[in-house]
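Here's the structure, in structure tokens; my notes come after.
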Number of protein chains: 2
Amino acid sequence: MDTTDGSSHTLGSVEKSIAVLETLWKLDGAGVTRIAQSLDFSKSTVHDHLSTLERNGFVVSNGGTYELGLRFLNFGEYVKRAQPLYAVAKPAVTELAEQTGERVFCMVEQHGLATVICLAEGERSVQTDLRVGTHSYMHCSAAGKAILAHLDRDRTEAILDRWGLKKFTGETITERDHLYDELETGRDRGWFVNREEYRPGVTAFGVPLRSNGEVTGAISLSGPAMRLAGDWEDRELLTQIRSTANVIEVDLSFQ
Amino acid sequence: MDTTDGSSHTLGSVEKSIAVLETLWKLDGAGVTRIAQSLDFSKSTVHDHLSTLERNGFVVSNGGTYELGLRFLNFGEYVKRAQPLYAVAKPAVTELAEQTGERVFCMVEQHGLATVICLAEGERSVQTDLRVGTHSYMHCSAAGKAILAHLDRDRTEAILDRWGLKKFTGETITERDHLYDELETGRDRGWFVNREEYRPGVTAFGVPLRSNGEVTGAISLSGPAMRLAGDWEDRELLTQIRSTANVIEVDLSFQ
DNA sequence: CTGATCGTTCGTCATCGTCGAACAGTTTAT
DNA sequence: ATAAACTGTTCGACGATGACGAACGATCAG
């Protein structure tokens, strides 16, 4: 999958270490042998990588089994706070969740994926698998569409080339033209929607966040499809979401 | 500093990548040239590492300058939630902060450092530089002492050998015997204290958390030294802290 | 327009990452 | 109790590959 590069100066040993870390993540911790056969590396190679990573705090060993280390938490919190949006969006998102009772997210694009940087739950918010730090595809999330709609066409194309339009439910948009239409209508009316396109029964509305004319992220509000189905109540809900986005944009411009 | 190892099979290129990541962290993002001269690597080497790390989401480039990527947030949140203590301690810590109005931490030991895995602020809690994910030395924090006091003597020695007893204030304990005495008295009475040993004006009380007879972490409560100076009110405060710790220990044993 | 600086590309050489075999513990099954 | 089948770890040697300096094109300051 990566041997076709040819002249690229990518460091194989570093990528091996990353593969070990990914495996440790997928398997929720594992031993040398398990990782070695999962990646088709030799045991000694895996051991070398693990001990190097452990010496640096990215891995921790508990009597034969290895896990990801707390140094990731250190870097992770730093990266979260380094996002200009975080400090501003956090209180606004929390307030919107309290007002509406639903779950509210703030997401940022990086590497073609939308990542949750902060989240707040309302009183009646439903369960979800989206946590802070979760990466999600942009074609099937309300916030992702909001961001995608405001990128250069080339960039959008590149993102769709890289990640495809994976189908999660019967409602997921899997055709490019369909998605482009959706992005255009969303761009025109100022908000975006994900109607059970990622999880059955879950609908979300998304609004982009602009700073200096550039879209730097988006907020989205998600809840049960039943509750968010009507067009009448949506008007009220949407003005609340757009109002929150507006507050964030203004706050962002003053710091 | 590491060339004296001799026979160790540590992967130099991986450690170089880690050094690049650390530099990116220290400098809050930087360009190739800046990193290269900061680490005394060649520009092309730094570039190779950065592009490899970027291809994997650990670094992101914004027009010439590089920053740490959001993938660290993904891993960081995962590691946080992977700690058995996290889910149990979070609500208990929050409640204690509300009750007392002070700032409360839950910390876990790894690689000889105490790392904050969750934290809650009370209404009158003071400012601090401790965030979730912050690593701190164990000899000068209340939670760190609580954990240190219950490790094997060999382990404690190894930790002090590795990290030393760095002096932060005039109150910091910098001699081993002094620390061992302090750990013993704390172990006997069941709680530990840090009286302005890390930051002037900040005092903290710490209590260990046991699971199956083993200490897996600690909680601590910190506030202004003035407020936490008396011995009378401390009695009340300490029973609240110990009671919270007790709740966590019981909850932990039932999952 | 010019000089200096940036990030990037490229090809070479010597380093050092990889592997298999052997090691020492630990658990499982007989 | 004993052996067989694991585990993680150590070690040395070979050859892939990571590091470097030089040259590149792009950008910015004066």
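Keep in mind it's a predicted model, so treat the numbers as computed, not measured. So you know, we letter chains A, B, ... as the sequences are listed, proteins then strands, and number each from 1. Atom set for the values below is all heavy atoms of this structure, side chains included, hydrogens, waters and symmetry mates excluded.
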From A/K80 atom NZ to B/E77 atom CD, the distance as rounded to the nearest 0.5 Å: 6.0 Å
Polar side-chain atom of B/T174 near backbone of B/L165 as donor-acceptor pair, under 3.5 Å: no
Five-pair end axes of the helix from C/dG7-D/dC24 to C/dC23-D/dG8, angle between them (10°): 60°
B/T23 versus B/S38, closest heavy-atom pair with distance: CG2-OG, 3.8 Å
Salt bridge (Lys or Arg N to Asp or Glu O under 4.0 Å) evaluation trace for B/R242 with B/E249: CA-CA 10 Å; B/R242 298 182 70 172; B/E249 285 172 347; over 6 Å; no
Distance (rounded to the nearest 0.5 Å) between A/T115 OG1 and A/Q110 CD: 6.5 Å
Rounded interatomic separation in angstrom, taking CD from A/E15 and P from D/dG18: 9 Å
Nearest-angstrom distance from the residue atom CG of A/L24 to C1' of D/dG8: 15 Å
Side-chain ion pair, A/E175 and A/K167, N-O less than 4.0 Å: no
Below 4.0 Å: OP1/OP2 of C/dG7 and any side-chain N or O of B/H47: no
Minimum-distance pair of heavy atoms, taken over all atoms of A/F72 and A/L21: CZ-CD1, 3.9 Å
Residue pair A/S61 / A/E54, side-chain donor-acceptor N/O under 3.5 Å: yes
Distance-only donor-acceptor check, side chains A/E157 and A/Y180, under 3.5 Å: yes
Any B/Y66 side-chain N or O less than 4.0 Å from OP1/OP2 of C/dC6: no
Protein-nucleotide distance (A/I35, atom CD1; D/dG8, atom C1'), rounded to Å: 11 Å
Contact letters for nucleotides 14-26 of chain C, in which S counts primed atoms plus P, OP1 and OP2 and B counts the base, heavy atoms under 4.0 Å: ---SBBB------
Summary of protein contacts for nucleotides 25-30 of chain D, nucleotide by nucleotide, where a base hit scores B, a sugar-phosphate-only hit scores S (4.0 Å, heavy atoms): ------
Reference residue B/R176; test side-chain hydrogen bond (donor to acceptor under 3.5 Å, both in side chains); the match among B/T156, B/D181, B/D161: B/D161
B/S61 side chain near C/dG7 phosphate (N/O to OP1/OP2, under 4.0 Å): no
Modelled atom types, side-chain donor and acceptor of A/S13 and B/S13, under 3.5 Å: yes
